[in-house]
Structures are given as C-alpha cells and as structure tokens.
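For reference, the structure is listed below as structure tokens.
In this text the structure is predicted, and so the values were computed from the model without any measurement. These values consider heavy atoms only, across backbone and side chains, with no hydrogens, waters or symmetry-generated copies.
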Protein chains: 2
Amino acid sequence: MAPNLTERRLFILKLVVQEFIETANPVASEALVRKFGLGFSSATVRNDLAALEELGYLTHLHTSAGRVPTDAGYRFFVENLMERTSLSLVEQRMIRHQFYQVRGELDQWIQLAGAVLARTAQNASLVTPPRAEQLRFKNLELISIHETMVLAVMVFHSGIIKQQTFGLDGVRTSEDLRRCAGRMSEALADLTLSGVEELLAQDAVRPHPTFGEFERVVIGLVTHAMQAFEEQAREHIYSDGLLEMLSQPEFIPALARDDAERAVERLRRALDILKSGRGLGQLIPQALASEGVQVIIGGEHSEDEMREYSVVLARYGVGGAVTGVLGVIGPTRMAYPRSISTVRYISSLMSNLLSELYAGESRPPVEE
Amino acid sequence: MAPNLTERRLFILKLVVQEFIETANPVASEALVRKFGLGFSSATVRNDLAALEELGYLTHLHTSAGRVPTDAGYRFFVENLMERTSLSLVEQRMIRHQFYQVRGELDQWIQLAGAVLARTAQNASLVTPPRAEQLRFKNLELISIHETMVLAVMVFHSGIIKQQTFGLDGVRTSEDLRRCAGRMSEALADLTLSGVEELLAQDAVRPHPTFGEFERVVIGLVTHAMQAFEEQAREHIYSDGLLEMLSQPEFIPALARDDAERAVERLRRALDILKSGRGLGQLIPQALASEGVQVIIGGEHSEDEMREYSVVLARYGVGGAVTGVLGVIGPTRMAYPRSISTVRYISSLMSNLLSELYAGESRPPVEE
DNA sequence: GTTAGCACTCTCAAGGGTGGAGTGCTAAGG
DNA sequence: CCTTAGCACTCCACCCTTGAGAGTGCTAAC
C-alpha cells in the first residue's frame, strides 16, 4: 500500500466509491462530511481527495465537479476496501426455490440463472451452457417422420441432445430404422468426435462388414452434429437482463451527466456486445480456466469497446468435467459487492445442481 | 372511396406517405413540388393536403410543420396506394441459400427466419415455433445418466423433442430401463395430452396390469412435459433484430423530432414488448387463424402500449397441421411494402420447408 | 496537520431574441 | 370552379446571455 495512504484516506476512498455506486452522482467533499458526519472538515476531505486523485484512484470531469472513481479506484475498492457480503438468507432461499421448480430441466436452469442474475444484480447477465470438454456419444434413435424423412435424435453423455432430420433415398420401415439405430448405437457408443472420425476413416480404407450406404450417411450426420456442437458451444452465450441494465442511470438520458446522445450510443454498444459476444474476447475461456469470481473493470478489458463496462464472472460445474461460465455485465459503476456475491452464489448453486445430476452425490448445501 | 378524393389527392397522399417513410421528416408542400417536379404549385398541394387532413389521413404537429400520416393514412396507403412488390430475385436466392445451409435443423430455421426478417426489413422480428395444434406422443427413451438419475427423452409426432431428468428410488440397469421405455412407448403411442391424462385417470380407478410405481412416475412426467409444452408454445416467441430497429431514427435522440427522452422511453417499451410478448395480445392467435399477411398499424392495436408500433404478420406451416407465425415489428413509420413482401416471402419459404419435412411432397418453388 | 475563508471555475436552467420553415387565407386570374 | 401568387401568421430551433449554485483549490491562520 502506498505510503501516503493513511487510514483516513482509505476510508474516504471507500466512501466515495460506495457513494458514487449508489447515487451515480459525482461526490463532493462537503456532501461526504454532511452525510456521514465525519469528524473533520470538508477542507481536510478536499486535501485527501486531491491526494487520492494524485494516486490515480479518482478524477473529476471539471474543476467544480465532485469526484468520480477511476477504474483503478474501483479495482482498489474491490480488492482492498469492499466488505465481502453474501446474499441474504431470504434471497438465497427464494432463488433455490425457483431452481427447485425447474429441477430436471437443464436448459431451463440456464435461462433461470440468467434471469436471476439479472434481477438480483440489476444488470445484464450472461451464461454459457455447461459444456463437457469432450462430447461422448451415447445413443442414437431414428424416428420416421414420414416415408422418406427421418429424424435422428443423438444423445450424448452428460445429457446433451441433438436432433437432425434428413431424407432417405428409398422407403424404410420403422422396424428397420430401429434395428439400424440399435446397431449404430452400439458401434458408436462412448466415442468422442475424434473416435467417430477415425471410425469413418477406417471404414473408408477397409469397409466395415455390417455398414451399408445408409449407415455411412448416419455416421456422417453424427460427425456433423458433434462438430457443430463443439463449435457452437464455444460461441453460444445466453444473455438476459437488458431491461434491468437499462434501468441504470447511465442509460437514462435525463440522468446521464453527459449528453443524452451518449446514453443511447452506449445502449447500442451494450446490445451489440450482448448479442454478438463481441468484445468479450478471451474473458470466457479465461474464466473457465480460473477458480473463484473474476472481476474485470472498464479499461482493463483488452477490447476497447468495453471501456465503460465491467464484468463479474465465475466458472460453475463439476470438477473438470462439465463446466460453464456465468456472470454479470454492467457499467463500471456497478454494485460490485452485490454482483460478486450474486455471481458467487448462483455459480455454486449451479455447481451443486450439476454435481447432483452427474455424480449422484450432492455437495454440502450451499452456504457462504 | 370518398367523393372528394380526386386522382391528384390520392397521388399526393401516396407521395407524402412514401416520403415520410423514407425520410422520417414531416413533409412540406413546397418540398413535394420541388422534389417530384409536380405540375402544379405548392398552394394547390397545400389545399389538397388540407383536404386529406380533413379526411383524417394526415396531421401536423403545429401550424408551421409539414404533414405526417395518421394511422388511417398508413392504412389507406397499405390498402389502396402501395405498389405490391416482391423481394428481388437476388435477395430471394440469398435467403434460400441460407436456409439450405441449415436444412434439417428445425430450430435453426426459426432463428434464421428471425435474423433474415430483421435484416431485410430493418426492424425487429418475431417468430413463433411451428406448433401442432395437438401434440401427439410418439416415443420415449430412458437413458441412465448415473445410478439413480435418468434422462427421459420424449419424442412427439412432428419431431418435437422434450427432455427431462429425474431421480430414482432404487438402482435400475439400462436393460431394465430400455424395456420399460419400450413398454411405455407402446402404451402411450399416438396419444394426445388428454389421452395420456385419461389413461392416468383410468389407471387410478382400476390399476393397469403391467404398470408399477415407476411407470406411473414416467406417465406423470410425460403429462407434465406435454402440459408445459402446450402452455409454453402458446407463449414463447422468438425475437431478434433489436439492433436493426434501433437504427431507425425514431430511436435516435439526435434525429427524433421530439425529445431525446422519449426516444429512450420508446426503446424501453419496445424491449419490454419483445421480451415479454406483452402488448401483442391477441395478435398471434389471430394471425394463426388468418391467411395472408396481416398488417396492424399503431392505434389499431387493442393494446395501448403499441400505439406507436406496427406489426406485419403472417402464418406459416402446412395445412392446418403444423403452423406458426412470423413477422416484423417496428415504428408505425415502417417501410410497409418491403416489410410485407419480406414477411410474405419468408412465410411461404418456411411453409415449403415444413411441407417438405412433413408431407414429403414439396410445393412448387416459392415465387412471387 | 487541520481548518476557515474566499476567489475562481464550470455547469445547469431559464429567459429572450432571431431566422427560418411552413402553413392558412385571401384575392386575383384562368 | 379550380389554381395560383402573395402575405401575414405561427411556431420551432438555435444562439446567446445571465445568474444561481455547486465545488474546488489555494492561502493564511490556528
């Protein structure tokens, strides 16, 4: 800690950050003294504020404006000043209850997690589906939709399902299809993508005794589906809470300190980020490789588009087996303590649910 | 047609609407004469504009402002003045090509339709998944995830799939599960929701000979899934193109005639409508029951929230069997000809794709 | 090191004036 | 009777000014 950071200055920094987070207005020396009944005068506070500005933790937009935290200021706040809180037990219980109501429906969890994150942190949320690092084939079913049209349902370990329809050359009975599906299921069981590809390659060299044209088409289909999935899983990000984020003053022209113009421009930018995932860059893979809650603040992003946003992320999942990332995204003036505790809670809740699903053993109840 | 609607007045009305749609600025008499080289003076145009205003097709916000179409004006334009155009062949081909690339993946169609609609009409889009008016059970598969956890995959006619995991009391082998699934598949085959419910009810009165506790749990699961689906299908609307809609001047404060405030308020409203489907009211069921492209303009909506928006909708699907709705939503100042032709094209394209899938017979190629 | 006092800076909101755009009306012309 | 030129009138949009208020930075005294 820098030498000229006295106890008092730290305290004042903390107050400034908290106050700005709460009110979204630049905070003035006088106001601090008044609001918190500090035992020293506003002139003293002014000196300290100037010192904190010198250190790079605060700025002000013009001479007669109050102070505003810089990214470094938020960072310092998050690392050293913030009190580590948890969601209230009531909130925790309400959240658990909601998850209980959609038990068994994995894809609902993701949506629910997104919605709860957004609502609780009052910002946008993003969730990636849990992803096994390697998809393993489990089972195949072929269902005739009509004479020449077949629906293939592929089930993978970890409960992921892909469906795909395709046309036939000739007509096949359902019995025929069922037998074929059984045969294929056996042949492909437990294979990963590379395993399936290998099988296909071998078959090209020395044709498999029981495979016909049809079987090869199906294997091609499976390969395609697995490839598509691996690709898409890397990309696809579910997001929610635009409306919640929009209720932040940064996006409300009347309240925005600067031009109304910019409020909307900001909004467009935010939408773009959430929709395309552009700007998130390496954040997701990075979070997947880390433990605990990651906080990335404004200019710390590698992407310039994110200069005005902060992201709070955490990994969830069981062991190294099935993992995803979830988090909150919002303006740098974000209620970090709340966002962090929300993300932490939801990620551990999701981890528990997943481990119940996959390991059959539940961890001790989530507690903070 | 009202008696004092001369040829010329109709022509002028058409020009005003087109011009306003294009520029988003109130259109002045002088400007019309200049831009289109009309063979009569601005004073004449002014008289006609006044007459058209008298008839309720135009307004102006204050004495010295140009004319703006009313909802009735748009309506008249759409019904009587607009030229019925089609998408260019190049566009049609590009769109077809994109659909070709995701052939076989039904849920991708929906997303693609949403994206294409939005991009082509430069507004937000909404698409409901194709829905059979009655879900019919086809097939069930039970897959053991681990000892006490089972994944149920339910397949319905029309290729809809639902999955649900659930816990077991005891341990069961996969062989056991498979047999059970086969038994259940047979028992429930081709039943609708009410059929399954009836079966369950009968079983309560006089227990089915081959059903055990486990079978009853599974039937309960199926019922639940079917109920959830029927409920959700009614509700769930996929939407896209927020960004496209945001690029309309109505949402850009600098260009909005009125306050910047309102541009953002409008936006929040639009987001809310798209996310919750609130405000769409009876539109979807109505569109499902109609043929052709429906246009609902501003105040014609039953819901007041939609006063500033128009919706262009069309049903798609095969016969009465599997149908959905897709369309475009945007400010009343919408490029109706383009929106309508886009919606018409995409809906007939989707219908073709679906009929290929379900009927095995393809309609003649889509052409306008 | 702390504080009171004060000059200075900058924003924000309100007021007033001006130019321009566009209409509505009237009276004259075809 | 329809069309048109001319003109007064209205209202917005923009600019400028002004004054109040907020908050700082500095200085000198404690």
Side-chain angles (χ1 to χ4, degrees), chain A residues 3-12 15-16 19-20 23-35 37-54 58-69 249 252-263, chain B residues 3-12 15-16 19-20 23-35 37-54 57-69 249 253-263:
Chain A
N4 41 2
L5 269 181
T6 63
E7 265 316 299
R8 192 183 62 208
R9 286 182 180 166
L10 292 178
F11 182 59
I12 288 179
L15 288 185
V16 171
E19 192 62 8
F20 185 66
T23 66
N25 286 322
V27 358
S29 55
E30 184 66 35
L32 275 183
V33 174
R34 212 169 346 102
K35 177 153 181 181
L38 300 180
F40 32 86
S41 80
S42 66
T44 308
V45 176
R46 273 203 292 287
N47 286 332
D48 289 344
L49 289 177
L52 288 165
E53 181 159 0
E54 186 71 23
L58 300 176
T59 4
H60 51 177
L61 308 162
H62 53 87
T63 31
S64 76
R67 293 312 204 290
V68 166
I252 301 177
L255 300 179
R257 259 29 220 134
D258 43 12
D259 247 338
E261 287 283 328
R262 295 195 47 195
Chain B
N4 41 2
L5 269 181
T6 63
E7 264 317 300
R8 191 184 61 209
R9 286 184 179 165
L10 292 177
F11 182 59
I12 287 179
L15 287 185
V16 172
E19 192 62 8
F20 184 67
T23 66
N25 286 323
V27 358
S29 55
E30 183 67 37
L32 275 182
V33 174
R34 214 170 344 103
K35 176 151 182 181
L38 301 179
F40 32 86
S41 81
S42 66
T44 309
V45 176
R46 271 203 293 287
N47 286 332
D48 290 343
L49 290 177
L52 289 165
E53 181 159 358
E54 187 70 24
Y57 295 139
L58 300 175
T59 5
H60 51 178
L61 308 162
H62 51 89
T63 30
S64 75
R67 293 311 203 292
V68 165
L255 301 178
R257 261 23 225 139
D258 43 11
D259 247 338
E261 285 285 327
R262 295 195 45 194

Take atom [atom1] of [X] and atom [atom2] of [N], then tell me their distance rounded to the nearest Å.
X: A:H60; N: C:dT9; atom1: NE2; atom2: C1'; value: 11 Å
X: B:F40; N: D:dT3; atom1: CZ; atom2: P; value: 9 Å
X: A:N47; N: D:dG23; atom1: CG; atom2: C1'; value: 14 Å
X: B:N25; N: D:dC12; atom1: CG; atom2: C1'; value: 14 Å
X: B:E54; N: C:dG24; atom1: CD; atom2: C1'; value: 13 Å
X: B:I12; N: C:dT23; atom1: CD1; atom2: C1'; value: 15 Å
X: A:L49; N: D:dT24; atom1: CG; atom2: C1'; value: 10 Å
X: A:L52; N: D:dG25; atom1: CG; atom2: C1'; value: 16 Å

(request) From the options C:dT23, D:dT24, D:dT3, select the nucleotide whose nearest atom is closest to the side chain of B:R8. (result)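 For the B:R8 side chain, the nearest candidate turns out to be D:dT3.
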(message) Does a side-chain N or O of A:H62 approach OP1 or OP2 of D:dA22 to a distance below 4.0 Å, or not?
(response)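 Indeed not, no polar side-chain atom of A:H62 lies that close.
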(request) Output yes when at least one side-chain N/O atom of B:T44 is less than 4.0 Å from OP1 or OP2 of D:dT4, else no. (result)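 The answer is yes; a side-chain N or O of B:T44 sits under 4.0 Å from OP1 or OP2.
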(message) Let me spell it out: for each of A:E53 and B:A43, pick the nucleotide of DNA chain D with the closest heavy atom. Which residue's pick is nearer the 5' end?
(response)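 Going by which nucleotide is closer to the 5' end, it is B:A43.
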(message) Return a single string for nucleotides 14-20 of chain D, one symbol per nucleotide in 5' to 3' order, where B is base contact, S is sugar-phosphate-only contact and - is none, cutoff 4.0 angstrom on heavy atoms.
(response) -------
Do [X] and [Y] have side chains that approach each other closer than 4.5 Å (heavy atoms only, starting at C-beta)?
X: B:Y57; Y: B:L5; result: yes
X: B:V33; Y: B:S41; result: no
X: B:L15; Y: B:L38; result: yes
X: A:R8; Y: A:T44; result: yes
X: A:V16; Y: A:V68; result: no

(message) Can you tell me if A:F40 has over 12 outside heavy atoms packed within less than 6.0 Å of its CZ?
(response)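 Correct, the count exceeds 12.
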(request) Considering non-hydrogen atoms only, spot the tightest contact between A:S42 and A:E30 and give its length. (result)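 Heavy atoms only, the tightest pair is OG-OE1, 3.3 Å.
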For nucleotides 13-22 of chain C, list the nitrogen or oxygen atoms of the protein found under 3.5 Å from its nitrogen or oxygen atoms, one pair per line.
| from | atom 1 | to | atom 2 | distance (Å) |
| --- | --- | --- | --- | --- |
| C:dG22 | O4' | B:S64 | O | 3.4 |

(message) So if I apply the side-chain contact (heavy atoms from CB on, under 4.5 Å) rule between A:V27 and each of A:V45, A:L32, A:L49, A:I12, which one comes out positive?
(response)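 Of the listed residues A:V45, A:L32, A:L49, A:I12, the side-chain contact (heavy atoms from CB on, under 4.5 Å) partner of A:V27 is A:L32.
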(request) Could you check B:R46, B:R67, B:R9 and say which one makes a salt bridge (Lys or Arg N to Asp or Glu O under 4.0 Å) with B:E53? (result)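 Between B:E53 and the candidates, salt bridge (Lys or Arg N to Asp or Glu O under 4.0 Å) is satisfied uniquely by B:R67.
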